[in-house]
Amino acid sequence: MKILAELIGIEAKLQIDWVLVNTCLQFASWGLFSLLLAEVLRDSYHALCHQVSWLAKWHNKHHTAYRRDLSIVSLKAYQDSQLYHDILESSLLVVVLMIIALVVQQMGLWLGVLYACTFLFGASQRYILGTIDTDYNHLPGPLETTPSVWWVNRSYHWRHHFDNVNAYYSGVFPLVDKILGTGLSVKGKTVALTGASGALGQALAAELLKQNAKIVALTTNPEKLREQVGVKVVPWQLGNEAELRDSLEKIDILIINHGVNFYASRTPEAINSSYEVNTFSALRLMDIFLTTVTGPQAKATKEIWVNTSEAEVSPALSPLYELSKRALGEIVTLKRLDGDCVIRKLILGPFKSQLNPYGVMSAQQVAWAILFLARRDYRNIIVTINPLTYILFPLKETSRWLYYRIFSKTTKGQ
């Protein structure tokens, strides 16, 4: 009986206070919501500053305060930018969040108010003291990293100032840019794509032209392409990728989209051609393009998009196509670790083309979806009707990335 009494006593001491647990969960939930709300409101106001003329009057002081290397034009211009943009923006954010917290009467919402106050404090300090030390996304100097996909770093924000002022609005987390489709702008960029005479190549070129990009069509079949405004046709031959270096020097985004499909064949010729076209030619183009990623701002603007296809994780009913595309995909994952520039993968399901006349999607649909996701800064662009790919590919890519990160190393600088 004594033991039973002791057990009951222990159970009583360990009794969970569900009221307290519920209160804590409620506070945490409202607190997280308030932080997200602060980010959305802050970045939405920023976007409005570029659309509403009377707001732009004050916001433009922020843009005119910086040179292309993010050094400040003058101390006065910098302090004016803090007063008329950062302090104004932060003050409005604090007031709006305080009103919401007072009306809703949830304690967790005051976390958002506190979060907004940190922006106001930093901006006030920079205005009064004239220091830039805490202005992390505007520190001067060359851009040494690629734009981050998870948060706004210097390279990401630099693009807002000097790539396209009507994009890249986010300040800390790129949530609003993903919603608005302003996480990547191709406007005014020169985009080269291989496989330009194919169904997807032509569809991508059409979609990119709608976004005011300039197209360089790299093709081994120039006779299949008609003259088109905004499209420059550059012939090339397999194995002669090095001859394209001068052309690639002027390219902002390289889309590697060419390939062959031998279906059921497994002859030595088919094996060699599959790997030569689908794998090795693509890798040579990547390596050549990466040598052009030079200069203080190249990491912010240069990109490679590689069509590795759904064959990375799913059967394509064509063994050699699967093997060569998987090899390409694995090496692309490996190259991403070096951070030379942004490298996106295009994980595409079956669409109608010369390589696959039985595809269930149209090339136009796929091209539209690629641009839709790219503008939201997706680094792995999955377009397929197979729901398993949306589960299997992220698992595969994450595990391989981790494995390669642990067991491989770069030789740069050695």
Exercise for the section: For L337 and Y404, run side-chain contact (heavy atoms from CB on, under 4.5 Å): C-alpha distance rounded to whole Å, both residues' side-chain angles, the deciding distance at 0.1 Å, then the answer. Expected result: CA-CA 8 Å; L337 294 173; Y404 294 149; 3.6 Å; yes

Practice task
Under the side-chain contact (heavy atoms from CB on, under 4.5 Å) rule, what do I370 and L204 come out as? Steps first, then yes or no, please.
Solution key: CA-CA 8 Å; I370 289 171; L204 275 172; 4.2 Å; yes

Problem - Candidate pair S274 and L323, rule side-chain contact (heavy atoms from CB on, under 4.5 Å), full reasoning - result: CA-CA 9 Å; S274 292; L323 289 168; over 6 Å; no

Exercise for the section: Could you check L200 against N257 for side-chain contact (heavy atoms from CB on, under 4.5 Å), going step by step and ending with a plain yes or no? Expected result: CA-CA 8 Å; L200 182 59; N257 173 58; 3.3 Å; yes

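Applying the side-chain contact (heavy atoms from CB on, under 4.5 Å) test between L254 and each of L193, I343, L218, L244 identifies L218 as the sole match. S185 pairs in a side-chain hydrogen bond (donor to acceptor under 3.5 Å, both in side chains) with only one of the listed residues (D177, D163, N164), which is N164.
Taking 4.5 Å as the limit, every side-chain heavy atom of W30 sits out of range of all side-chain heavy atoms of M107. Side chains of K335 and M286 form a contact here, defined as non-hydrogen atoms less than 4.5 Å apart. You'll find the side chain of I271 reaches within 4.5 Å of the side chain of L320, heavy atoms only. Counting only heavy atoms from C-beta outward, the side chains of P140 and I132 approach each other to under 4.5 Å. For the pair W110/M98, a side-chain contact is recorded, criterion being any heavy-atom separation below 4.5 Å from C-beta on. Using a 4.5 Å heavy-atom threshold, the side chains of L208 and K189 count as separate. Counting heavy atoms from C-beta outward, Y45 and L92 have side chains that approach closer than 4.5 Å. At a threshold of 4.5 Å between non-hydrogen side-chain atoms, the residues I253 and I255 count as touching.
A donor-acceptor contact under 3.5 angstrom links the side chains of S318 and N261, judged on distance only. In the model, N386 has no side-chain atom that pairs as donor or acceptor with a side-chain atom of T384 under 3.5 Å. Donor-acceptor pairing under 3.5 Å is recorded for the side chains of D135 and Y78. Residues K345 and T333 have side chains that bring a donor and an acceptor to within less than 3.5 angstrom of each other. No side-chain donor from either of H85 and H46 sits under 3.5 Å from a side-chain acceptor of the other. In the model, T292 has a side-chain atom that pairs as donor or acceptor with a side-chain atom of K302 under 3.5 Å.
Pairs engaging residues 225-244 under the salt bridge (Lys or Arg N to Asp or Glu O under 4.0 Å) rule: E241-R284 [sequence neighbours left out].
E322 places a side-chain N or O within 3.5 Å of a backbone atom of A316 that can act as its donor or acceptor partner. Formation of a donor-acceptor pair under 3.5 Å by the D69 side chain with backbone atoms of S71 is found in this model. Between the side chain of R344 and the backbone N or O of Y378, at least one donor-acceptor pair lies under 3.5 Å. Not one N or O on the side chain of R126 forms a donor-acceptor pair closer than 3.5 Å with the backbone of F121. Judged by distance alone, the side chain of N153 and the main-chain N or O of T146 form a donor-acceptor pair under 3.5 Å. Checked by atom type and distance alone, the side chain of E276 never pairs as donor or acceptor with a backbone atom of S281 at under 3.5 Å. When atom types are taken as modelled, the side chain of S314 and the backbone of A311 share no donor-acceptor pair closer than 3.5 angstrom. Checking side-chain atoms of S90 against main-chain N and O of I87 turns up no donor-acceptor pair under 3.5 Å. Within the 3.5 Å criterion, the main-chain N or O of V172 finds no donor-acceptor partner in the side chain of S170. Remark: the backbone N or O of V260 is paired with a side-chain donor or acceptor of N278 at under 3.5 angstrom.
Heavy atoms only, all atoms of each residue included: A217 and V231 are closest at CB-CG1, 4.0 Å. Residues S309 and I347 come closest through the heavy atom pair O-CG2, 3.9 Å. Between A38 and L93, the closest heavy-atom pair is O-CD1, 3.7 Å. The shortest heavy-atom contact between A101 and V113 is CB-CG2, 4.4 Å. Shortest non-hydrogen contact noted between C49 and L55 is CA-CB, 3.9 Å. Among all heavy-atom pairs drawn from L209 and I215, the shortest one is CD2-CG1, 3.8 Å.
With ring centers used as reference points, W236 lies under 6.0 Å from H258. Taking the six-membered ring wherever Trp is involved, the centroid distance between the rings of H138 and Y66 falls below 6.0 Å.
Open room surrounds NZ on K352; 12 or fewer heavy atoms of other groups in view lie less than 6.0 Å from it. By the neighbour-count criterion of 12 heavy atoms within 6.0 Å, atom CZ of R67 is densely surrounded, having more than that number from other residues, nucleotides or ligands. Under a cut-off of 6.0 angstrom, the local environment of CZ in R68 is crowded, with over 12 non-hydrogen atoms contributed by other residues, nucleotides or ligands. Counted within 6.0 Å of OH on Y390, heavy atoms from surrounding residues, nucleotides or ligands total more than 12; the atom is thus considered enclosed.
A cation-pi arrangement is found for R376 relative to F372, the charged atom lying closer than 6.0 Å to the ring centre and inside a 45° cone about the ring normal. Annotation: cation-pi geometry satisfied between R159 and Y156 (NZ/CZ under 6.0 angstrom from ring centroid, within 45° of ring axis). Taking the ring centre of F119 as origin, the terminal cationic atom of R42 falls inside the region bounded by 6.0 Å and 45° from the ring axis.
Rounded to the nearest 0.5 angstrom, I331 CD1 and L328 CG are separated by 7.0 Å. Atom OG1 of T182 is separated from atom CG of L180 by 4.5 Å, given to the nearest 0.5 angstrom. If you take CG on L248 and CG on L290, they are separated by 10.5 Å, rounding to the nearest 0.5 Å. With values rounded to the nearest 0.5 angstrom, I99 atom CD1 is found 13.0 Å from L109 atom CG. D86 contributes atom CG, which lies 12.5 Å from atom OH of Y127 (distance to the nearest 0.5 angstrom). In this structure, CG on L184 lies 4.5 Å from OH on Y168, to the nearest 0.5 angstrom.
Aromatic ring orientation, F162 versus W158: tilted (interplanar angle from 30° to 60°). Ring geometry for H63 versus H50: interplanar angle over 60°, hence perpendicular rather than tilted (30 to 60°).
Ion pairing between a basic and an acidic side chain is recognised when a charged N comes within 4.0 Å of a carboxylate O; R400 and E330 show such pairing. K299 has no carboxylate O lying under 4.0 Å from a charged side-chain N of E144, or vice versa, which leaves the two without a salt bridge. Using a cutoff of 4.0 Å between basic side-chain nitrogens and carboxylate oxygens, R336 and E397 are scored as salt-bridged. The pair D287-R245 fails the salt-bridge criterion, with no side-chain N (NZ, NE, NH1 or NH2) lying under 4.0 Å from an Asp/Glu carboxylate O.
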